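First up is the structure itself, then whatever we jot down about it.
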Amino acid sequence: MANPNPTTSLYCRDIPDAGVANTVFGSDTSIMVARPGKTCCAFPLFWFTIPEGFYALVTKHGAHQPYVDSNGKSSPVWPSGMHLGPPWLKVSHLVTKQSILFNTQIKGCKTKDNVTVLIDVSIVLRVMGDDPETRPGDDPHNVYKFVHEVTPVGLQVQLQDAQAEAVRTLARSVYHTEVFGLRNVSHSELEGVQEKLFSQEAMDRVGFDHMERVSEGEANQEEKDVMGEHDYYYSLEAGFNVEAGASVADAMKVRLNRQFNPQGMEILDVIIKDIKLPDTIQSQMSQKTMVISQNAMQRMQQKHAMLSLIQEEEIKTLNQTHEEQKKELIEDGVYEIMMEKYRLMQLQSEGDRQLEKIATQMKIDVELVGVESGLTVQRIQDETKLETEKLREQSVADSNVEVAKAKAEVDVIYADGHLESAKNIAKAEKVAFEAEGISAPLNRKQNDHITFIHKLRAQQALAENDKVVITGTGGGNLANALLQADAALKESYSQQYTVDDHKSREAILTELAIASGKGDVRILVGSCAKSAVDKSVND
């Protein structure tokens, strides 16, 4: 970050190494030369770097070592970048390439009329160390001369002395009223000031004799009261002072360059920042300006009062004139109203007559139109009736012909349809017969399959009924008889308590069949054996 304080001193400073040069020079604008130290390292380094933006001087064992490029050209200043060399080859000095703004306040300067002023001057300077081929007038040896002969402190002292001498000489050549014109201006600004000084208006105002000025002043008194008479002449005086001050500042710059160019320094610009007069002189100048302004204000107030009085008189006269004009206009308006009423009555009478005439003519025209329209309507109705009859007869004849054609076409279509239908029926019967011959075996197999499924479902139902007892005849008559008797007696025994000690017919028959030994199979279904089915099952 740049230092916001003005540079009032120049000096040389030691830095740890060349890598921090940009940071150090950026934080302190008073540094012109830096002496880098050797980087501490356990092993010696065989290379060193030079940052961009600096003139670098290199030493070998403390003696200055010039730089030799690839073309064999020798220079005391080494270029930026990395360089290889033994450890005893190092950067001894870094000189900044940037422009330095050096500020000095010169106190106790006497003007031509012996008024003491304080002038704050800044000088922009640089070291002339570039290659003369790229920047004519420069020489790299100037860097060596500045470091070892001039030095930053010596340059500061010379600049302060030279500035003090030049500024005092400058101040002595002008009056205190012209001292504020001592400043450096750009070429375009100076041309603008000169154009204003030598304009036709400036020549006219300055070149008139006294009588012409008086007459011109009387003619343009209003403009002077508003804009101010002294402002223009003061601006002309300030322009002359600026022109004189600019030429003197340029002369100071040339004089300083004549002194410092042989030492390798160039003065780029001389800036007069501030000029301070004694408080009493400034107060007098301010009071003079205030007196002029107060006089102008009094003249304007007096003129305002006169204009107000004249305006009030003009307003009264104008109001009287307006009242008289108003009365005349009212009388003229009454007369115009009477004339307009008379014209209106004439127009109303003429309008009534025209309306009556229009109504009569309209009635006649309506009757004529009614008669003509009746004849036209009758004629149109007759023509319409005739055309209608013609169209009806023609349409009847055409319709009969079309009906006959349609009936004929319908008969033909019916005949073709019957023929085609008979052919399709025959084909369908043939296809149906063929399909029945093919599907008969398949239907028979399907019926057998369905019957088998029903048997399976019946057997599944019998198997799932826990009250069904199935016995066989082969290889176990005794066991079968025993199972049948047990089932029968079980049912009979259960009926003994639920059906008033009465045995069912099926239970008694079962017992008799078992006793006779002829009961092949007995299937008893139901808790009370109300439904009994005898089925013979071949084992």
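Predicted model only: the values in this text are computed from it and were never measured.
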Steps toward side-chain contact (heavy atoms from CB on, under 4.5 Å) verdict (Gln311, Ile315) = CA-CA 6 Å; Gln311 186 178 10; Ile315 290 174; 4.0 Å; yes

For Arg172, all residues meeting salt bridge (charged side-chain N to carboxylate O under 4.0 Å, His left out), sequence neighbours excluded |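 Arg172 satisfies salt bridge (charged side-chain N to carboxylate O under 4.0 Å, His left out) with no other residue.
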
Return the set of residues passing salt bridge (charged side-chain N to carboxylate O under 4.0 Å, His left out) with Asp130 (not counting sequence neighbours), or none when no residue passes.
->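 Asp130: salt bridge (charged side-chain N to carboxylate O under 4.0 Å, His left out) contacts with Arg135.
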
[X] versus [Y], closest heavy-atom pair with distance:
{"X": "Pro51", "Y": "Asn22", "result": "CB-ND2, 4.2 Å"}
{"X": "Ala34", "Y": "Pro36", "result": "O-CD, 3.4 Å"}
{"X": "Pro152", "Y": "Val33", "result": "CG-CG2, 3.7 Å"}
{"X": "Ser27", "Y": "Val24", "result": "OG-O, 3.0 Å"}
{"X": "Val127", "Y": "Tyr55", "result": "O-OH, 3.6 Å"}
{"X": "Glu372", "Y": "Thr376", "result": "O-OG1, 2.8 Å"}

With sequence neighbours excluded, give me every salt bridge (charged side-chain N to carboxylate O under 4.0 Å, His left out) pair touching residues 141-160.
->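 Residue pairs passing salt bridge (charged side-chain N to carboxylate O under 4.0 Å, His left out), neighbours aside: none found.
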
Taking only residues at least two apart or on different chains, which pairs with a member in residues 352-366 satisfy salt bridge (charged side-chain N to carboxylate O under 4.0 Å, His left out)?
->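 For residues 352-366: Glu350-Arg353.
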
Considering only distance and modelled atom types, tabulate donor-acceptor pairs under 3.5 Å from the side chains of residues 338-346, sequence neighbours left out.
{"unit_1": "Glu340", "atom_1": "OE2", "unit_2": "Arg343", "atom_2": "NH1", "d": "2.9"}
{"unit_1": "Tyr342", "atom_1": "OH", "unit_2": "Gln346", "atom_2": "NE2", "d": "2.6"}

Step by step, work out the side-chain contact (heavy atoms from CB on, under 4.5 Å) result for Thr29 and Leu101.
-> CA-CA 8 Å; Thr29 58; Leu101 181 65; over 6 Å; no

To the closest 0.5 Å, what do you measure between [atom1] ([X]) and [atom2] ([Y])?
{"X": "Leu10", "Y": "Leu125", "atom1": "CG", "atom2": "CG", "value": "7.0 Å"}
{"X": "Asp138", "Y": "Asn142", "atom1": "CG", "atom2": "CG", "value": "7.0 Å"}
{"X": "His148", "Y": "Ser92", "atom1": "NE2", "atom2": "OG", "value": "6.0 Å"}
{"X": "Met32", "Y": "His93", "atom1": "CE", "atom2": "NE2", "value": "13.0 Å"}
{"X": "Arg13", "Y": "Leu94", "atom1": "CZ", "atom2": "CG", "value": "13.0 Å"}
{"X": "Ile50", "Y": "His83", "atom1": "CD1", "atom2": "NE2", "value": "4.0 Å"}

Without placing hydrogens or testing angles, list every side-chain donor-acceptor pair under 3.5 Å for residues 326-334, not counting sequence neighbours.
none

For [X], which residues count as a side-chain hydrogen bond (donor to acceptor under 3.5 Å, both in side chains) partner, sequence neighbours excluded?
{"X": "Asp113", "answer": "Thr111, His176"}
{"X": "Thr96", "answer": "none"}
{"X": "Gln301", "answer": "none"}

Report the C-alpha separation of Met128 and Phe146 in whole Å, then their side-chain angles, then the decisive distance to 0.1 Å, and conclude whether the side-chain contact (heavy atoms from CB on, under 4.5 Å) test is met.
-> CA-CA 10 Å; Met128 302 169 62; Phe146 173 70; over 6 Å; no

Decide whether Asn103 and Thr8 meet the rule of one side-chain donor and one side-chain acceptor closer than 3.5 Å.
->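 Not at all, the side chains of Asn103 and Thr8 share no donor-acceptor pair under 3.5 Å.
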
Does a donor on one side chain and an acceptor on the other come within less than 3.5 Å for Ser80 and Glu52?
->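 Yes.
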
Around atom CD of Glu133, are there more than 12 heavy atoms of other residues, nucleotides or ligands at under 6.0 Å?
->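 Counting neighbours around CD of Glu133, 12 or fewer heavy atoms of other residues, nucleotides or ligands fall under 6.0 Å, so no.
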
Greater than 12 external heavy atoms within 6.0 Å of Gln302's CD |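 It does not: Gln302 CD has 12 such atoms or fewer within range.
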
Would a 4.5 Å heavy-atom cut-off, applied to side chains only, mark [X] and [Y] as touching?
{"X": "Leu159", "Y": "Thr104", "answer": "no"}
{"X": "Gln156", "Y": "Gln160", "answer": "yes"}
{"X": "Lys276", "Y": "Val117", "answer": "no"}

Candidate pair Gln460 and Leu456, rule side-chain contact (heavy atoms from CB on, under 4.5 Å), full reasoning | CA-CA 6 Å; Gln460 183 179 3; Leu456 289 178; over 6 Å; no

Which side-chain hydrogen bond (donor to acceptor under 3.5 Å, both in side chains) pairs, counting each pair once, include a residue from residues 65-78, with sequence neighbours left out?
->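 Residue pairs with at least one partner in residues 65-78: there are none.
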
I'd like a table of donor-acceptor pairs (distance under 3.5 Å, sequence neighbours excluded) in which one partner is a side-chain atom from residues 257-267, with atom names and distances.
{"unit_1": "Asn257", "atom_1": "OD1", "unit_2": "Ile267", "atom_2": "N", "d": "2.6"}
{"unit_1": "Asn257", "atom_1": "ND2", "unit_2": "Lys253", "atom_2": "O", "d": "3.4"}
{"unit_1": "Asn257", "atom_1": "ND2", "unit_2": "Ile267", "atom_2": "O", "d": "3.1"}
{"unit_1": "Asn261", "atom_1": "ND2", "unit_2": "Asn257", "atom_2": "O", "d": "3.1"}
{"unit_1": "Gln263", "atom_1": "OE1", "unit_2": "Gln158", "atom_2": "NE2", "d": "3.3"}
{"unit_1": "Gln263", "atom_1": "NE2", "unit_2": "Gln158", "atom_2": "OE1", "d": "2.8"}
{"unit_1": "Glu266", "atom_1": "OE1", "unit_2": "Arg126", "atom_2": "NE", "d": "2.9"}
{"unit_1": "Glu266", "atom_1": "OE1", "unit_2": "Arg126", "atom_2": "NH2", "d": "3.0"}

Residues in ring-ring contact (aromatic ring centres under 6.0 Å, His included) contact with His61, at least two apart in sequence or another chain =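 Scan of His61 (ring-ring contact (aromatic ring centres under 6.0 Å, His included), adjacent residues dropped) gives Trp88.
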
Under 6.0 Å between ring centres, would you say that holds for Phe25 and Phe54?
->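 Yes.
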
Donor-acceptor contact present, side-chain Ser373 to main-chain Gly370, <3.5 Å |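 Judged by distance alone, yes, a pair lies under 3.5 Å.
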
